[in-house]
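In this chain, numbering begins with 1 at the start of the sequence shown. Ligands are counted one by one from 1 in listed order, and the atoms in each one are counted from 1 as well.
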Amino acid sequence: MTVWNPDLIRQYGGPGARYTSYPAATRFHEEVSLGDVQRSVAAGNRAHRNLSLYCHIPFCASVCYYCACNRVITANRERALPYIAHLKTEIRQKAALIDRQRPVVQMHWGGGTPTFLSDAQITELVYELARYFHLLEDDRGDYAIEIDPRTVDRARLGLLRGLGFNRLSLGVQDLDPRVQQAVNRVQPVAMIRRAFEDARAFDFHSINADLIYGLPWQSETSLAHSLEQLIALRPERISLYNYAHLPARFKIQRQIPERTLPSPEEKLAMLVRAGGMLQEAGYELI
Ligand SMILES: C[S@@+](CC[C@H](N)C(=O)[O-])C[C@H]1O[C@@H](n2cnc3c(N)ncnc32)[C@H](O)[C@@H]1O
Ligand code: SF4
């Protein structure tokens, strides 16, 4: 059992980078030249290193008020067309540097919302990747895609599985209707449950669920209730994010009144309670 030390957390607490990438996006800089990239890729070729591919699809059809992701909100599906064309060019340019023998053992599509794209566009992109990279066709790779449950049905999940994706990451965030409304992300528990059932029917190897603690109107009790419902669906992984509220940087977060946010003390209580519940349910802390 992990022991949480509230005094230590208080002592070193404070806002920091959200490690969705390593290094965190705030540490990216422009001092890496094309030559550096080419040399590094060439060294990987000589060492026959395995590959991991990441594809970013930045579009979302509607905005969640907490969102700090790199995304473009638009109802206009046409916006994806020039982006896909650029992405295809980039796939070709990158692939030209890489030894075709190197297997892609991991692939991740993130966003935004990758399923903003139509079935035909998703298929086209997978085809393009398979044309230029050595994708594994025997289901041994870890091929994952981020899913906004509002954008998929059974047929879509079947298509994704057929195209070779075998891991899903579902954006759950919170299951409390009041919280969902406050962040403009209404997705009833029944919708989440259906997404899980459909994914299980297609034998996805692993399902991750994103949750956030520290959202408006959340309390230790409400979060525990959401977590209970989520644990019942047995996701293989749960990513429990600490809500990063930076309204000066992410303007959309100004839609969330400060008075509705839980205090740092409450957030700490949520973390401790959630950590305990997850470990009791058999989850291992990473
Ligand atoms: C790119 S999104 C996931 C895919 C998809 N767009 C969705 O929302 O379902 C990555 C995850 O980052 C988390 N996230 C976004 N903004 C955040 C913030 N301000 N603080 C903490 N976590 C955040 C959410 O849990 C979200 O699911
Ligand atoms: S949380 Fe996901 S769906 Fe919501 S705005 Fe951000 S990227 Fe888009």
2.8 Å cut-off met by an N, O or S atom of C67 to atom 6 (Fe) of ligand 2:
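Yes, C67 qualifies, because one of its backbone or side-chain N, O or S atoms lies under 2.8 Å.
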Using atom types as modelled and distance alone, determine if a side-chain donor or acceptor of R77 lies under 3.5 Å from a backbone N or O of L117.
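No; zero donor-acceptor contacts below 3.5 Å.
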Among H225, Q218, Q180, find the one that has a side-chain hydrogen bond (donor to acceptor under 3.5 Å, both in side chains) with D174.
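Of H225, Q218, Q180, side-chain hydrogen bond (donor to acceptor under 3.5 Å, both in side chains) with D174 is met by Q218 alone.
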Protein residue, atom and distance nearest to [atom], heavy-atom basis:
atom                    : result
atom 8 (Fe) of ligand 2 : C60 SG, 2.3 Å
atom 4 (Fe) of ligand 2 : C64 SG, 2.3 Å
atom 1 (S) of ligand 2  : Y66 OH, 3.2 Å
atom 2 (S) of ligand 1  : C69 SG, 3.5 Å
atom 12 (O) of ligand 1 : R18 NH1, 3.4 Å
atom 20 (N) of ligand 1 : A244 N, 2.9 Å
atom 3 (S) of ligand 2  : R185 NH1, 3.4 Å

With heavy atoms of [X] as the reference, note each atom of ligand 1 found under 4.0 Å away.
X    : result
D148 : 9 (O)
Q253 : 19 (N)
I212 : 14 (N), 22 (N), 23 (C), 24 (C), 25 (O)
T113 : 6 (N)
Y243 : 18 (C), 19 (N), 20 (N), 21 (C)
Y241 : 13 (C), 21 (C), 22 (N), 25 (O)
C67  : 16 (N)
D210 : 3 (C), 10 (C), 11 (C), 25 (O), 26 (C), 27 (O)

Ligand 1 contact on [X] by region, counting heavy-atom pairs under 4.0 Å:
X    : result
Y66  : both
L246 : neither
Q173 : side chain
L211 : neither

Quick one: does V172 get within less than 4.0 Å of ligand 1, heavy atoms only?
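Contact check V172 vs ligand 1: negative.
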Against ligand 1, does R71 come closer than 4.0 Å with any heavy atom?
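Distance cut 4.0 Å: R71 fails for ligand 1.
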Indicate yes or no: at least one non-hydrogen side-chain atom of [X] is less than 4.5 angstrom from one of [Y].
X    : Y    : value
W109 : L125 : yes
H108 : D142 : no
R150 : V186 : no
Q181 : N184 : no
N45  : I98  : yes

Hey, could you give me the [atom1]/[atom2] distance between [X] and [Y], rounded to the nearest 0.5 Å?
X    : Y    : atom1 : atom2 : answer
F165 : F204 : CZ    : CZ    : 9.0 Å
M107 : N166 : CE    : CG    : 9.0 Å
L233 : I192 : CG    : CD1   : 8.5 Å

Will you find, in the side chains of R167 and N208, an N or O donor that is under 3.5 Å from an N or O acceptor?
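No donor-acceptor contact under 3.5 Å links the two side chains.
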Candidate with minimal heavy-atom separation from [atom], of [options]:
atom                    : options          : value
atom 9 (O) of ligand 1  : R185, E146, R150 : R185
atom 16 (N) of ligand 1 : S239, G110, A68  : A68
atom 5 (C) of ligand 1  : G112, G171, G111 : G112

Looking at D7 and R10, is there a salt bridge between them, counting it only when a charged N and a carboxylate O are closer than 4.0 Å?
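Looking at R10 and D7, the cut-off is met.
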Going by the rule ring pair (Phe, Tyr, Trp, His ring centres under 6.0 Å), which residues pair with H134 if we only count those two or more places apart in sequence or in a different chain?
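Per chain and number, H134 pairs via ring pair (Phe, Tyr, Trp, His ring centres under 6.0 Å) with no residue.
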Atom indices of ligand 2 within 4.0 angstrom of D148 heavy atoms, with elements:
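Reading through ligand 2 atom by atom, the close ones are 3 (S).
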Pair R200, E236 - check salt bridge (charged side-chain N to carboxylate O under 4.0 Å, His left out), show working.
CA-CA 12 Å; R200 298 288 185 214; E236 276 74 15; 3.2 Å; yes
Taking only non-hydrogen atoms of G112, do any sit less than 4.0 angstrom from ligand 2?
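Distance cut 4.0 Å: G112 passes for ligand 2.
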Hey, is OH on Y12 packed in by over 12 heavy atoms from elsewhere, all under 6.0 Å?
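Open.
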If you draw the axis of the six-membered ring of Y65, does the NZ or CZ of R185 fall within 45° of it and under 6.0 Å from the ring centre?
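No, R185 does not sit over the ring of Y65.
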